[in-house]
Amino acid sequence: MFSQGLKKETVVSIINTISQLNQLQDVDMILDCTLHEARALAKADAGSIFLMQNDELEFRHVQNDTIFGHRGGGISQYGTESLPVSDSSIVGYCALTKEMVSIDDAYTIPEGVPYRFNASFDEQSGYRTVSILAVPLISCGHSLVGVMQLINAKDRRGRPTVFSEQTKTLVPIFTNNAAALIERSILNRALVLRMAKMAELHDPKETGAHVQRVSAFCAEIYQRWAENRKVPRWEMRRFRDIISQASMLHDAGKVGIPDSILKKPGRLTPEEFDHMKQHTLYGARLFDNISPQSSALDRIAREIILYHHERWNGSGYPEGLAGEAIPLAARITALADVFDALSSKRSYKEAWSRELTYDELRKESGQHFDPELVDTFFQITDVIHAIQLKFP
């Protein structure tokens, strides 16, 4: 039996959505899809997700159809806001009590509750928040993973209205299941980062912030490329999910390069550089047992590791592949990796200015890089810069 007027088809739809989300692995993609599906369920115009981090609520995801449209949160996606778990804010109170908070009008919150609505976003953006539904994300072990906040339920004409009683029943059913997937994806991200740190421990030029920037660059470049090509939504989600994780491992093979070469302060000799090139082969060996049954993550990680130093004009290594013979994920990672290397300060060089870095990418379009991907990169430079600020 389905209480409170819930239709069997609606509950089945929630189960099917959770099943689809279960196919994803990366935390950012799962957050994006979870928020999108919760908003669809609640007919909400906007929403955000905060995750528990070091006893605070860390801002992690935002969507707003009115402001950002179908492309998600734009630069706001990479904000650095955090909130205390306390009764001073709506999200903080939801986390503190682990109870859903429903507000019909953000600007007329009744007396007697400790929290107040923070209108700063509305004031800065011109948006008008009306209804709010804050839902705790609680894992199977009853620990708090975070809080999802849905904004402005919409009526049939698209006008802001209150969240219905059915929505208040359906959304917790969905989030109770999604919380476990979010918790799992956080552990997945931590595991991949630990693997990436093998190269960092061996190579002082590599850092955890570097691999996280490259990962985010790759995800955003791919998404805009896929949108431009009108790739179906679920296919886009799947590939973005994979490339954001796999690209973190692009230099894992450097653990096989001797310190005398990897940590040499000056220019490498031709013989030393030939040895350095072997890191692509060493890293690919981590995935030597690839089979038709292997995961897409394993296959694409191997492609990235092996081919991210190939060049569009065929002058790269290790195989001298050219053009679209280079796998898409490797072409994207090549662009993201070089951009980050040029624009970041290293022990042996200062960071290039944004203008010089952009000029270099344009010069290498059609030489080092896929020209379509370079064009795509320049469509999202505001997001690229936001990523650099988030992972300095």
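What you see is a predicted model, and the numbers here were worked out from it, not measured in a lab.
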Inset, instruction - Answer with yes or no whether the hydrophobic clustering places F369 together with V214; edges join I, L, V, M, F, W, Y residues whose side-chain heavy atoms lie under 4.5 Å apart. - result: no

Inset, instruction - Can you see which heavy atom on G256 is nearest to which on Y282, and at what distance? - result: O-CE1, 3.4 Å

Legend entry - Close side-chain approach of D337 to H210, heavy-atom, < 4.5 Å: yes

Legend entry - Heavy-atom side-chain proximity of L24 to C33 below 4.5 angstrom: yes

Inset, instruction - Give a yes or no on whether the backbone of D241 and the side-chain of Q245 come within a donor-acceptor separation of less than 3.5 Å. - result: yes

Inset, instruction - In plain terms, say whether D288 and R285 are close enough for a salt bridge, that is, a side-chain N and a carboxylate O under 4.0 Å apart. - result: no

Inset, instruction - Give a yes or no on whether a salt bridge exists between K43 and D155, defined as a side-chain N under 4.0 angstrom from a carboxylate O. - result: no

Legend entry - Centroid separation H309 to H250 less than 6.0 Å: no

Inset, instruction - Treating Ile, Leu, Val, Met, Phe, Trp and Tyr as nodes and any side-chain heavy-atom pair under 4.5 angstrom as an edge, say whether L41 and V162 lie in one connected cluster. - result: no

Legend entry - Option from N188, I242, V192 for which side chain to side chain contact (heavy atoms under 4.5 Å, CB included) with Q25 holds: N188

Legend entry - Cluster link W234 to I18, ILVMFWY, side chain under 4.5 Å: yes

Legend entry - Sidechain N-carboxylate O distance under 4.0 Å for R331, E372: no

Inset, instruction - Verify the neighbour count for atom OH of Y93: are there more than 12 heavy atoms of other residues, nucleotides or ligands below 6.0 Å? - result: no

Inset, instruction - Would you check, one step at a time, whether the test side chain to side chain contact (heavy atoms under 4.5 Å, CB included) holds for Q278 with L281? - result: CA-CA 5 Å; Q278 298 299 305; L281 302 176; 3.2 Å; yes

Inset, instruction - Would you give the length of the straight line joining atom OG of S247 to atom CD1 of I221, rounded to the nearest 0.5 angstrom? - result: 10.0 Å

Inset, instruction - Look up atom CZ in R184 and atom CG in N22, then write down how far apart they are to the nearest 0.5 Å. - result: 5.0 Å

Inset, instruction - Give a yes or no answer on whether the side chain of T169 reaches the backbone of E165 with a donor-acceptor pair at less than 3.5 Å. - result: yes

Inset, instruction - Specify the closest pair of heavy atoms between F239 and A329, including all atoms of both residues, with the distance to one decimal. - result: CZ-CB, 3.9 Å

Inset, instruction - Please report the shortest heavy-atom distance between A351 and S343, naming the atom on each side. - result: CB-O, 3.3 Å

Inset, instruction - Using atom types as modelled and distance alone, determine if a side-chain donor or acceptor of D251 lies under 3.5 Å from a backbone N or O of K254. - result: no

Inset, instruction - May I ask you to say whether D32 pairs ionically with R240, meaning some side-chain N is under 4.0 Å from a carboxylate O? - result: no

Legend entry - Between NZ on residue K98 and NE2 on residue H142, distance to nearest 0.5 Å: 9.0 Å

Inset, instruction - Following the transitive rule for hydrophobic clusters with a side-chain heavy-atom cut-off under 4.5 Å over Ile, Leu, Val, Met, Phe, Trp and Tyr, establish whether M148 and L133 coincide in one cluster. - result: yes

Legend entry - Side chain T333, main chain A330, donor-acceptor under 3.5 Å: no

Inset, instruction - Indicate yes or no: at least one non-hydrogen side-chain atom of Y222 is less than 4.5 angstrom from one of L373. - result: no

Legend entry - By side chain to side chain contact (heavy atoms under 4.5 Å, CB included) - contacts of L286 (at least two apart): A252

Inset, instruction - Tell me yes or no: between the side chains of S344 and R213, is some donor less than 3.5 Å from an acceptor? - result: yes

Legend entry - CH2-CD1 distance between W225 and I380, expressed to the nearest 0.5 angstrom: 13.5 Å

Inset, instruction - Taking all heavy atoms of D55 and all of V85, pick out the closest pair and write down the distance. - result: O-CG2, 4.0 Å

Inset, instruction - Check whether any side-chain heavy atom of L31 sits under 4.5 Å from a side-chain heavy atom of L51, and report yes or no. - result: yes

Legend entry - Transitive ILVMFWY side-chain link V171 to F174, under 4.5 Å: yes

Legend entry - T175 (side chain) donor-acceptor with A178 (main chain) under 3.5 angstrom: no

Inset, instruction - Under the side chain to side chain contact (heavy atoms under 4.5 Å, CB included) rule, collect the residues that match up with A134, sequence neighbours excluded. - result: I90, C94, V101, V147

Inset, instruction - Look at atom CD of E324 and say whether more than 12 heavy atoms of other residues, nucleotides or ligands are closer to it than 6.0 Å. - result: no

Inset, instruction - Would you confirm whether N177, through its side chain, and I173, through its main-chain N or O, come within 3.5 Å as a donor-acceptor pair? - result: yes

Inset, instruction - Taking the six-membered ring of F378 (Phe, Tyr or Trp), confirm whether the NZ or CZ of R362 is under 6.0 Å from its centre and within 45° of its axis. - result: yes

Legend entry - Note, F117 side chain near I132 side chain (heavy atom, < 4.5 Å): yes

Inset, instruction - Please assess K264 against D259 for the test salt bridge (charged side-chain N to carboxylate O under 4.0 Å, His left out), listing each intermediate value before the final yes or no. - result: CA-CA 8 Å; K264 183 177 179 179; D259 282 357; over 6 Å; no

Inset, instruction - Start with the C-alpha distance between S131 and D104, add both sets of side-chain angles, then the distance that settles side chain to side chain contact (heavy atoms under 4.5 Å, CB included), and finish with yes or no. - result: CA-CA 5 Å; S131 52; D104 291 344; 5.7 Å; no

Inset, instruction - Begin with the C-alpha distance, continue with both residues' side-chain angles, and end with the deciding distance and a verdict on side chain to side chain contact (heavy atoms under 4.5 Å, CB included) for Q379 and N228. - result: CA-CA 10 Å; Q379 293 172 21; N228 291 343; 3.0 Å; yes

Inset, instruction - Test side chain to side chain contact (heavy atoms under 4.5 Å, CB included) on Q63 and H36 and set out the steps. - result: CA-CA 8 Å; Q63 295 171 0; H36 181 273; 3.9 Å; yes

Inset, instruction - Would you mind checking if R224 and E227 are paired as a salt bridge, meaning a charged N to carboxylate O distance below 4.0 Å? - result: yes

Inset, instruction - Answer yes or no: is there a donor N or O on one side and an acceptor on the other, between the side chain of Q367 and the main chain of E364, under 3.5 Å? - result: no

Legend entry - side chain to side chain donor-acceptor pair (under 3.5 Å): pairs with one or both residues in residues 119-130, sequence neighbours excluded: D45-Y127, Y107-D122, N118-S120, D122-T129, Y127-N152

Legend entry - Reported CE-to-CG distance for the pair M276 and L262, which is rounded to 0.5 angstrom: 5.0 Å

Inset, instruction - Give the C-alpha distance, both sets of side-chain angles, the deciding distance and a yes or no for side-chain hydrogen bond (donor to acceptor under 3.5 Å, both in side chains) between D28 and H61. - result: CA-CA 8 Å; D28 292 326; H61 212 77; 5.6 Å; no

Legend entry - P318 vs T280 side-chain heavy atoms within contact, under 4.5 Å: yes

Legend entry - E360 and W352, any side-chain heavy atoms less than 4.5 Å apart: yes

Legend entry - Side-chain donor or acceptor of E310 paired with backbone N/O of L321 under 3.5 Å: yes

Inset, instruction - Heavy atoms only: give me the nearest A219-S244 pair and the separation to one decimal. - result: CB-CB, 4.1 Å

Legend entry - Test: E220 and K390 ion pair at under 4.0 Å: no

Legend entry - Over all atoms of both residues, closest heavy-atom pair of Y307 and I326: O-CG2, 4.1 Å

Inset, instruction - Without swapping roles, check the side chain of Q223 against the backbone of M236 for a donor-acceptor pair under 3.5 Å. - result: no

Legend entry - Any V145 side-chain heavy atom under 4.5 Å of F50 side chain: no

Legend entry - Nearest-0.5 Å distance that lies between atom CG in D26 and atom CD1 in I186: 11.0 Å

